**Student:** 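Mind looking over this structure? Questions follow.
Keep in mind the model is a prediction, meaning the values are calculated, not measured. By convention in this document, chain letters (A, B, ...) are assigned in the order of the sequence lines, proteins followed by strands, and residues within each chain are numbered from 1.
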Amino acid sequence: MTGPVRRRRVLPRRFYDGDALEVAPQLLNKILVRGRRSGRIVEVEAYRGAQDPASHAYRGQTRRNATMFGPPGRLYVYFTYGMHWCANAVCGPEGEAQAVLLRAVTPLSGLEEMRHSRWAGRGPGPVPADRQLTSGPARLCQAFAITGEDDGADLVRRDRGLAVVDDGTPPPRRVGVSGRVGISAASELPWRFFVPGEPHVSGVPGPRTGRPVLPAPGRR
DNA sequence: CTTTGGATCGTCT
DNA sequence: GACGATCCAAAGG
């Protein structure tokens with residue numbers, strides 16, 4: 001009943017050393033790992049530095065975005081909306097400030113730790129469905145306990161237990177493509193990539209509003 | 001099921 | 001002083 005035991009290998013530096021538009025779809029079905037926690041990457045977005053009005057790096061280097069200007073293969077973690085962390089894999093040659101935003105993973109292991117990181121300390125009431133665990137850039141950071149402390153972590157060296165690994169599962173034959181979520185500039189560019197049909201993909205373009213919409217909890 | 005508004009603060013102008 | 005690469009609860013139909 002169990003699938004084949006596949007060797008997991010940490011993605012090498014060269015994997016990240018390319019244009020974000022090429023690296024982003026290649027990250028689909030790779031595995032984000034931190035300690036016991038792991039999840040298959042099912043949704044990402046490419047951000048292309050000076051080429052990209054929606055990128056934090058568009059207007060040049062600052063203290064906040066410095067990691068993006070560094071070497072590929074590191075984690076760029078930023079703080080937004082006064083309460084959320086989001087994580088990117090830095091790619092492209094050093095200095096170009098390209099990055100791939102990790103928007104959703106399907107949990108594979110360490111589910112208890114993830115649930116604890118997400119929902120410990122909440123009051124009485126129903127425990128949210130596991131669908132809400134890691135479907136969204138800030139949700140997955142919370143589930144993996146990724147914060148500003150992890151900004152700059154080298155994913156190739158497994159800094160702080162963080163890495164992206166390949167278990168031999170290729171990206172989907174047909175990659176889902178859409179506009180990027182939650183931005184105002186250049187939102188029409190088709191630089192969001194996802195695994196079609198994966199329940200943990202965070203949002204689809206809403207039919208009414210055009211804004212991302214999660215399937216209702218309980219539906220599949 | 002859809003839509004709205006609140007939370008909350010670092011960063012850049 | 002304005003605004004986020006967001007999430008959630010609550011209200012509305």
**Student:** Partners of A:Glu113 by side-chain hydrogen bond (donor to acceptor under 3.5 Å, both in side chains), sequence neighbours excluded?
**Tutor:**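 For A:Glu113, the residues satisfying side-chain hydrogen bond (donor to acceptor under 3.5 Å, both in side chains) (neighbours in sequence not counted) are A:Arg36.
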**Student:** Between atom CD in A:Gln61 and atom P in B:dT11, what is the gap in whole Å?
**Tutor:**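 After rounding, the reported distance stands at 14 Å.
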**Student:** Apply salt bridge (charged side-chain N to carboxylate O under 4.0 Å, His left out) to A:Arg13 and A:Asp154, showing your working.
**Tutor:** CA-CA 10 Å; A:Arg13 183 89 50 204; A:Asp154 191 337; 2.9 Å; yes
**Student:** Tell me the interatomic distance from A:Tyr47, atom OH, to C:dG4, atom P, rounded to whole angstroms.
**Tutor:**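 Checked: the OH to P distance equals 13 Å.
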**Student:** Does OP1 or OP2 of C:dT6 have a side-chain N or O of A:Arg103 closer than 4.0 Å?
**Tutor:**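 Indeed, a polar side-chain atom of A:Arg103 lies that close.
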**Student:** Do A:Gln98 side-chain atoms and A:Ala20 backbone N/O form a donor-acceptor pair below 3.5 Å?
**Tutor:**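 Yes, the answer is positive, given that a donor and an acceptor are paired below the 3.5 Å cut-off.
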**Student:** Applying a 4.0 Å non-hydrogen cut-off, can you work out what A:Ala54 is touching in the nucleic acid: base, sugar-phosphate, or nothing?
**Tutor:**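 Base, at least one base atom sits under 4.0 Å.
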**Student:** Whole angstrom is fine here: how far is it from CH2 in A:Trp85 over to C1' in C:dC7?
**Tutor:**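 Value for this atom pair: 16 Å.
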**Student:** Please, which pairs that meet side chain to side chain donor-acceptor pair (under 3.5 Å) have at least one residue in residues 16-25 of chain A, sequence neighbours excluded?
**Tutor:**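 Residue pairs with at least one partner in residues 16-25 of chain A: A:Asp19-A:Arg48.
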**Student:** In whole angstroms, how far is the C1' atom of B:dG10 from the OH atom of A:Tyr76?
**Tutor:**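 Atom-to-atom, A:Tyr76 to B:dG10, this comes out as 11 Å.
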**Student:** In whole Å, I'd like the distance from the CD atom of A:Glu43 to the P atom of C:dA5.
**Tutor:**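 Answer to the nearest Å: 16 Å.
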**Student:** Just how far, in rounded Å, is P of C:dC7 from CZ of A:Arg122?
**Tutor:**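 Value for this atom pair: 15 Å.
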**Student:** So, OP1 or OP2 of C:dC8: does either fall under 4.0 Å of a side-chain N or O from A:Arg139?
**Tutor:**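 Checking C:dC8 against A:Arg139, a side-chain N or O does come within under 4.0 Å of OP1 or OP2.
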**Student:** Which residue pairs pass the ring pair (Phe, Tyr, Trp, His ring centres under 6.0 Å) test when at least one of the two sits in residues 92-114 of chain A, sequence neighbours left out?
**Tutor:**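 Output for this query is empty, none listed.
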**Student:** A:Glu112: which residues meet the side-chain hydrogen bond (donor to acceptor under 3.5 Å, both in side chains) condition with it, sequence neighbours left out?
**Tutor:**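 If we apply the side-chain hydrogen bond (donor to acceptor under 3.5 Å, both in side chains) test to A:Glu112, skipping adjacent residues, the hits are A:Arg115.
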**Student:** Restricting to salt bridge (Lys or Arg N to Asp or Glu O under 4.0 Å), what partner residues turn up for A:Arg118, sequence neighbours left out?
**Tutor:**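 Once residues adjacent in sequence are excluded, A:Arg118 has no partner under the salt bridge (Lys or Arg N to Asp or Glu O under 4.0 Å) criterion.
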**Student:** Which whole-number value in Å describes the distance from A:Phe193 CZ to C:dA5 P?
**Tutor:**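 In whole Å, C:dA5 P lies 19 Å from A:Phe193 CZ.
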**Student:** Can you list the residues that meet the salt bridge (Lys or Arg N to Asp or Glu O under 4.0 Å) rule with A:Arg9, with sequence neighbours excluded?
**Tutor:**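 Partners of A:Arg9 by the salt bridge (Lys or Arg N to Asp or Glu O under 4.0 Å) criterion come out as none, since no residue qualifies.
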**Student:** Would you indicate which nucleotide in C:dA5, C:dT6, B:dC12 comes nearest to any side-chain atom of A:Ala138?
**Tutor:**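 For the A:Ala138 side chain, the nearest candidate turns out to be C:dT6.
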**Student:** Using a cut-off of strictly less than 4.0 Å between a heavy atom of the residue and any atom of DNA chain C, enumerate the qualifying residues of residues 16-29 of chain A by number.
**Tutor:**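 Result for residues 16-29 of chain A: none.
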**Student:** List DNA chain B stems (3 or more consecutive Watson-Crick/G-U pairs, under 3.5 Å)?
**Tutor:**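 Expected stems, ordered by start: B:1-7 with C:6-12, B:9-12 with C:1-4.
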**Student:** Who are the side-chain hydrogen bond (donor to acceptor under 3.5 Å, both in side chains) partners of A:Arg157, not counting sequence neighbours?
**Tutor:**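 Listed in chain order: A:Asp159.
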**Student:** Write out all pairs satisfying side chain to side chain donor-acceptor pair (under 3.5 Å) with one or both partners inside residues 71-85 of chain A, taking only residues at least two apart or from two chains.
**Tutor:**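 Those involving residues 71-85 of chain A are A:His56-A:Tyr76.
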**Student:** Would you tell me whether A:Ser178 and A:Arg192 have side-chain atoms, one donor and one acceptor, within less than 3.5 Å of each other?
**Tutor:**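 Yes, because at least one side-chain N or O of A:Ser178 sits under 3.5 Å from a partner of the opposite role on A:Arg192.
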**Student:** With sugar-phosphate meaning primed atoms plus P, OP1 and OP2, does A:Ile183 contact a base, only sugar-phosphate, or nothing at under 4.0 Å between heavy atoms?
**Tutor:**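 Touches sugar-phosphate only.
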**Student:** Within this structure, what is the CD-to-P distance between A:Gln132 and C:dT6, rounded to whole angstrom?
**Tutor:**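 Value for this atom pair: 16 Å.
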**Student:** Is there a side-chain contact between A:Arg118 and the phosphate of C:dC8, meaning an N or O under 4.0 Å from OP1 or OP2?
**Tutor:**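 Affirmative; the distance criterion is met.
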**Student:** Tell me every residue that passes salt bridge (Lys or Arg N to Asp or Glu O under 4.0 Å) with A:Arg180, counting only those two or more places apart in sequence or in another chain.
**Tutor:**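 If we apply the salt bridge (Lys or Arg N to Asp or Glu O under 4.0 Å) test to A:Arg180, skipping adjacent residues, the hits are A:Asp52.
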**Student:** Provide a list of protein-nucleic acid N or O atom pairs under 3.5 angstrom, restricted to nucleotides 7-9 of chain B.
**Tutor:**
{"unit_1": "B:dT8", "atom_1": "O2", "unit_2": "A:Tyr81", "atom_2": "O", "d": "2.6"}

